[in-house]
Participant: 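This is the structure I have questions about; it appears just below.
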Amino acid sequence: MARDKVDVAKRMVDAYNLRDVDSAFAELVTPDFEWYPAIARAFHGGVYRGREGVERFLADTSENWEELQIIAGEFRDLGDRVLVLGRMKGRGKRSGAPIDQPFATILDFRGDRVSRFRGYHDRAEGLRVAGLSE
């Protein structure tokens with residue numbers, strides 16, 4: 001029985017916020033999962049691939065951020081993708097400076113698992129990439 005993609009997307013956001021790589025790879029993502037985080041793309045266009053890549057991203061994140069969370073406000077089922085709209089909240093590790101900004105994520109599915117995560121710091125950009133408008 002196929003799993004509801006919005007439910008998988010909610011669990012994916014929870015796994016990210018908990019830094020639960022084991023659950024993500026056991027239940028939620030494909031082995032060749034690709035992560036295009038908005039923060040990494042903003043600096044160097046980075047992509048993180050597979051479990052090793054996700055673990056590297058999380059290590060990079062913990063090196064620079066005291067906390068960094070996705071606060072999901074809306075999930076839109078787009079068939080083979082789910083659009084997540086919300087906010088990115090956190091605090092820099094060295095500066096202590098807070099961030100609270102709009103955030104959009106497109107989760108691409110292969111079957112009932114996430115194969116790609118693309119994050120955007122701009123809600124309008126996330127909507128545009130998903131083929132939607134406000």
Side-chain angles (χ1 to χ4, degrees):
M1 181 167 144
R3 295 185 294 176
D4 178 66
K5 289 180 173 65
V6 168
D7 180 59
V8 173
K10 288 177 180 178
R11 292 177 58 208
M12 184 71 183
V13 169
D14 290 343
Y16 170 80
N17 287 337
L18 295 170
R19 309 303 191 253
D20 188 354
V21 177
D22 291 333
S23 289
F25 277 88
E27 305 171 20
L28 304 173
V29 303
T30 61
D32 61 345
F33 174 72
E34 295 181 332
W35 188 305
Y36 295 83
I39 287 177
R41 285 182 33 247
F43 293 115
H44 54 78
V47 59
Y48 297 85
R49 289 186 173 87
R51 184 184 182 105
E52 182 179 296
V54 170
E55 288 173 345
R56 188 172 2 98
F57 168 73
L58 294 176
D60 292 348
T61 300
S62 67
E63 182 179 313
N64 295 299
W65 297 94
E66 188 65 36
E67 56 186 88
L68 190 63
Q69 302 285 305
I70 296 172
I71 311 301
E74 182 180 352
F75 293 84
R76 295 188 190 179
D77 185 341
L78 305 175
D80 61 350
R81 297 176 295 164
V82 172
L83 174 66
V84 181
L85 299 170
R87 305 197 66 74
M88 177 70 71
K89 291 187 175 191
R91 186 168 25 98
K93 187 168 257 182
R94 291 178 187 86
S95 68
I99 65 161
D100 181 354
Q101 63 186 47
F103 184 77
T105 299
I106 298 171
L107 301 174
D108 296 299
F109 282 77
R110 190 176 321 123
D112 62 357
R113 288 184 177 242
V114 179
S115 62
R116 185 170 55 176
F117 172 114
R118 293 176 284 162
Y120 302 92
H121 287 302
D122 183 290
R123 176 185 172 101
E125 181 183 11
L127 287 164
R128 182 186 56 75
V129 171
L132 304 171
S133 60
E134 289 288 342

Participant: Could you tell me whether the side chain of M12 reaches within less than 4.5 Å of the side chain of V82, counting heavy atoms only?
Facilitator: no
Participant: Please name all residues satisfying side chain to side chain donor-acceptor pair (under 3.5 Å) with E52, sequence neighbours left out, ordered by chain then number.
Facilitator: none
Participant: Is any side-chain heavy atom of D20 less than 4.5 Å from a side-chain heavy atom of D14?
Facilitator: no
Participant: Just to verify, what does K10 make a side chain to side chain contact (heavy atoms under 4.5 Å, CB included) with, not counting sequence neighbours?
Facilitator: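 Checked K10 against side chain to side chain contact (heavy atoms under 4.5 Å, CB included); matches are V6, F75.
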Participant: Side chain to side chain donor-acceptor pair (under 3.5 Å) with R113: which residues, sequence neighbours excluded?
Facilitator: none
Participant: Before you tell me yes or no, could you show the steps for F117 and V29 under side-chain contact (heavy atoms from CB on, under 4.5 Å), namely the whole-Å CA-CA distance, both residues' side-chain angles and the distance that decides it to 0.1 Å?
Facilitator: CA-CA 10 Å; F117 172 114; V29 303; over 6 Å; no
Participant: Any side-chain heavy atom of F33 sitting closer than 4.5 Å to one from L28?
Facilitator: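 Not touching, per the 4.5 Å side-chain cut-off.
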Participant: Can you list everything that forms a side chain to side chain donor-acceptor pair (under 3.5 Å) with R116? Sequence neighbours excluded, please.
Facilitator: D108
Participant: Should L68 and R19 count as side-chain neighbours, where that means a heavy-atom distance under 4.5 Å?
Facilitator: yes
Participant: A side-chain contact here means heavy atoms from C-beta on lying under 4.5 Å apart; do W65 and I99 qualify?
Facilitator: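 A side-chain contact under 4.5 Å exists here.
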Participant: State, to 0.1 Å, how close G119 and F103 come at their nearest heavy-atom pair, and which atoms those are.
Facilitator: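 Shortest heavy-atom contact: CA-CZ, 4.1 Å.
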Participant: If you look only at pairs with a residue in residues 97-106, which of them pass as a side-chain hydrogen bond (donor to acceptor under 3.5 Å, both in side chains), with sequence neighbours excluded?
Facilitator: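 Of all non-adjacent pairs touching residues 97-106, those that pass side-chain hydrogen bond (donor to acceptor under 3.5 Å, both in side chains) are R87-D100, Q101-H121.
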Participant: Does anything in residues 5-32 form a ring pair (Phe, Tyr, Trp, His ring centres under 6.0 Å)? List the pairs, not counting sequence neighbours.
Facilitator: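 Of all non-adjacent pairs touching residues 5-32, those that pass ring pair (Phe, Tyr, Trp, His ring centres under 6.0 Å) are Y16-W35.
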Participant: Just wondering, do R76 and L132 contact through their side chains at under 4.5 Å, heavy atoms?
Facilitator: yes
Participant: Between V114 and K5, is a side-chain contact (heavy atoms from CB on, under 4.5 Å) present by the stated rule, with each step listed?
Facilitator: CA-CA 9 Å; V114 179; K5 289 180 173 65; over 6 Å; no
